[in-house]
Amino acid sequence: QVQLVQSGVEVKKPGASVKVSCKASGYTFPGNHMHWVRQAPGQGLEWMGWINPNNGGTNYAQKFQGRVTMTRDTSISTAYMELRRLRFDDTAVYYCAREVDGSGFKPFDYWGQGTLVTVSS
Amino acid sequence: QSVLTQPPSVSGAPGQRVTISCTGSSSNIGAGYDVHWYQHLPGTAPKLLIYVNINRPSGVPDRFSGSKSGTSASLAITGLQAEDEAHYYCQSYDTSLSGWVFGGGTKLTVL
């Protein structure tokens, strides 16, 4: 069965960077775009961007451009999301989510369990 | 402020029907992009509830249905059950932002 397993809780200081991993299993990793979505406390879901695991191509939300980098390691079926220059308002649960394969703008059918990132001085 | 507008909260008694609206614009829903809906329970990952406007993934009860018209979409839940109490989010693509967008989310309370 498809599973996305994310790395654990992170506590960072303002200005630091965080890198969250998302290990995929149960399907062919290069076959589906992987997205990253976050939810700040008391807020809704916010899309951050996607990576095409097949070729490493990325598309980032305008809000995060210049501060986020999404990468992948196909040898271990793992996607990564690095966010730099962390601010207090980056405190959130970060999710990876698999996009259904195929053309067009497909839904996200499987999600990781979420990784809490806390930015605190 | 979200590009897709949802009511912050809705409520209904067990067995009743509720609807959750998702209002967009000509750069997203009105441009013909599909709408997807997710159910999110605290402490869990969001779950895909409706995809491509009207379709239910396997395992989602037929009490849940979706529709889309013009620049808006709706999620309807009939025969409300206590387990339906959750946050619900609509999602679409926005051509002006060149990216995916979510609604602000709606908290459903089962009275």
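Letters A, B, ... mirror the listed sequences (proteins, then strands); counts begin at 1.
Between Lys13(A) and Leu86(A) the shortest heavy-atom distance is O-CB, 4.3 Å. Smallest separation of non-hydrogen atoms from Pro30(A) and Pro53(A): CA-CB, 3.9 Å. Looking at every heavy atom in both residues, Val93(A) comes nearest to Gly114(A) through CG1-CA, 3.8 Å. The two residues Gly66(B) and Ile50(B) have their closest heavy-atom pair at N-CD1, 4.0 Å.
Heavy-atom pairs under 4.5 Å with chain A were tallied for Pro57(B), Gly43(B), Ala45(B), Gly104(B); the largest tally goes to Ala45(B).
Heavy atoms of Val100(A) lying under 4.5 Å from chain B are absent altogether. Heavy-atom distances place both the backbone and the side chain of Pro46(B) under 4.5 Å from chain A.
In the hydrophobic cluster analysis, where Ile, Leu, Val, Met, Phe, Trp and Tyr join through side-chain heavy atoms closer than 4.5 angstrom, Val35(B) is grouped together with Phe64(B). Note on Val37(A) and Val9(A): same hydrophobic cluster, where clusters join Ile, Leu, Val, Met, Phe, Trp and Tyr whose side-chain heavy atoms are under 4.5 Å apart, directly or indirectly. In the hydrophobic clustering of this structure, Val10(B) groups with Val110(B); members are Ile, Leu, Val, Met, Phe, Trp, Tyr whose side-chain heavy atoms approach within less than 4.5 Å, directly or through other members. The cluster map of Ile, Leu, Val, Met, Phe, Trp and Tyr, joined by side-chain heavy atoms under 4.5 Å apart, puts Val60(B) and Ile20(B) in the same cluster. In the hydrophobic clustering of ILVMFWY residues, with side-chain heavy atoms under 4.5 Å counting as a link, Val52(B) and Ile29(B) come out apart.
Scanning residues 74-83 of chain A against chain B with a 4.5 Å non-hydrogen threshold yields no residues.
With hydrogens and angles disregarded, no donor-acceptor distance shorter than 3.5 Å links the side chain of Arg85(A) to the backbone of Ser17(A).
Interatomic distance, Leu4(A) CG to Ser21(A) OG, rounded to the nearest 0.5 Å: 11.0 Å.
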Enumerate, by atom name, each donor-acceptor pair separated by under 3.5 Å where one atom lies in chain A and the other in chain B.
unit_1	atom_1	unit_2	atom_2	d
Gln39(A)	NE2	Tyr89(B)	OH	3.2
Asn59(A)	ND2	Ser98(B)	O	3.4
Gln62(A)	NE2	Leu97(B)	O	3.2
Tyr95(A)	OH	His40(B)	NE2	3.3
Tyr95(A)	OH	Thr44(B)	O	3.2
Phe105(A)	O	His36(B)	NE2	3.2
Phe108(A)	N	Tyr38(B)	OH	2.8

